[in-house]
Amino acid sequence: MIDEHNLAPFSRSEGDAYKSSHAAELSLNAAILRAEIARSYEEFLDIFETFYADDVEVSREGLREMIRGKEKVRPFLLNLLVPLHVMAEVAGLSISVQQTAIPGDTANETHSAWRIDFTGVGGRRCTLNWYATRRWNASRVVYEHHYDLQQIGEPLTMDDLNLGSGGWDVSI
């Protein structure tokens, strides 16, 4: 027997919001997974422009302040994407991205687990895992939070990149 007094009302608009945000999440994640950093970092910028609201708020565990607005988030994104693109296109770094949806029951909020495997030219690997929460307004991300970042394996070094022996004297 179901006690109807303990059931929370679920309106049609909440159901539509739930379906809408989860459909947008699926589209965003599919676009991220299809993009190839070795080919272009601009693909990721296009995804950002398409799916994120102008007034998006982004935070990360350990970050003191929330970053507000596309204009302030974009430089952080470029500081990540450009070096990855160069290391993948020029230096042979292999980058593989995986995403797993985490079921939720809140309209306009989605959760996912992410994994990036970085594999050097000699086969050495470093993996980053983290979780993301997104809040949606229609088909735009208005809030994104990253947390529980874990690194598996040692950071890759210059020896893991194919920079040739053309007299490079670089240390990181």
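In this chain, residues are counted from 1 in sequence order.
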Going by heavy atoms in the side chains, are [X] and [Y] under 4.5 Å from each other?
X	Y	value
Phe51	Ser27	yes
Gln98	Trp114	no
Arg124	Glu154	yes
His85	Glu36	no
Val121	Asp160	no
Leu149	Asn129	no
Ile32	Phe44	yes
Leu78	Leu45	yes

Joint hydrophobic cluster, [X] plus [Y], side-chain heavy atoms closer than 4.5 Å:
X	Y	value
Tyr131	Leu33	no
Ile102	Trp130	no
Val58	Tyr143	no
Leu156	Ile152	no
Val142	Ile67	no

State the [atom1]-[atom2] distance between [X] and [Y], to the nearest 0.5 angstrom.
X	Y	atom1	atom2	answer
Arg125	Ser96	CZ	OG	7.5 Å
Glu57	Lys72	CD	NZ	11.5 Å
Met87	Met158	CE	CE	9.5 Å
Phe118	Leu161	CZ	CG	11.5 Å
Glu42	Ile37	CD	CD1	9.0 Å
Leu128	Ile116	CG	CD1	6.5 Å

### Query
Is the count of non-hydrogen atoms from other residues, nucleotides or ligands lying under 6.0 Å from Phe76 atom CZ greater than 12?
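Result for CZ/Phe76: open.
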### Message
Between Ser21 and Asn108 (side chain of the first, backbone of the second, donor and acceptor by atom type, cut-off under 3.5 Å), is there such a pair?
### Response
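Side chain of Ser21 to backbone of Asn108, a donor-acceptor pair under 3.5 Å: yes, one is there.
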### Task
Taking Lys70 for its side chain and Ala53 for its backbone only, find out whether a donor-acceptor pair lies under 3.5 Å.
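A pair under 3.5 Å: no.
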Closest approach of [X] to [Y] (non-hydrogen atoms, all atoms of both residues):
X	Y	answer
Ser40	Glu43	OG-N, 3.4 Å
Ala138	Ala24	O-CB, 4.5 Å
Cys126	Gly153	SG-O, 3.9 Å
Ser59	Leu63	CA-CD2, 4.4 Å

### Message
Is it true that His145 and Thr133 share a donor-acceptor pair across their side chains at a distance under 3.5 Å?
### Response
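Checked: Thr133/His145 side chains show no N/O donor-acceptor pair below 3.5 Å.
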### Query
Is there a donor in the side chain of Trp136 and an acceptor in the side chain of Thr110, or the other way round, less than 3.5 Å apart?
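Present: a donor and an acceptor within the cut-off.
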### Query
Arg134 and side chain to side chain donor-acceptor pair (under 3.5 Å): which partner among His111, Glu144, Glu109?
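For Arg134, the side chain to side chain donor-acceptor pair (under 3.5 Å) check succeeds only for Glu144.
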### Task
Could you walk me through whether Arg115 and Thr127 pass the side chain to side chain contact (heavy atoms under 4.5 Å, CB included) test, one step at a time?
CA-CA 7 Å; Arg115 174 186 175 125; Thr127 300; 3.7 Å; yes
### Task
Starting from the C-alpha separation in whole Å, work towards a yes-or-no answer on salt bridge (Lys or Arg N to Asp or Glu O under 4.0 Å) for Arg74 and Glu49.
CA-CA 9 Å; Arg74 197 174 290 107; Glu49 293 302 326; 2.6 Å; yes
### Task
Please test Phe48 against Val73 for side chain to side chain contact (heavy atoms under 4.5 Å, CB included), starting from the C-alpha separation and ending with a verdict.
CA-CA 10 Å; Phe48 177 68; Val73 174; 3.7 Å; yes
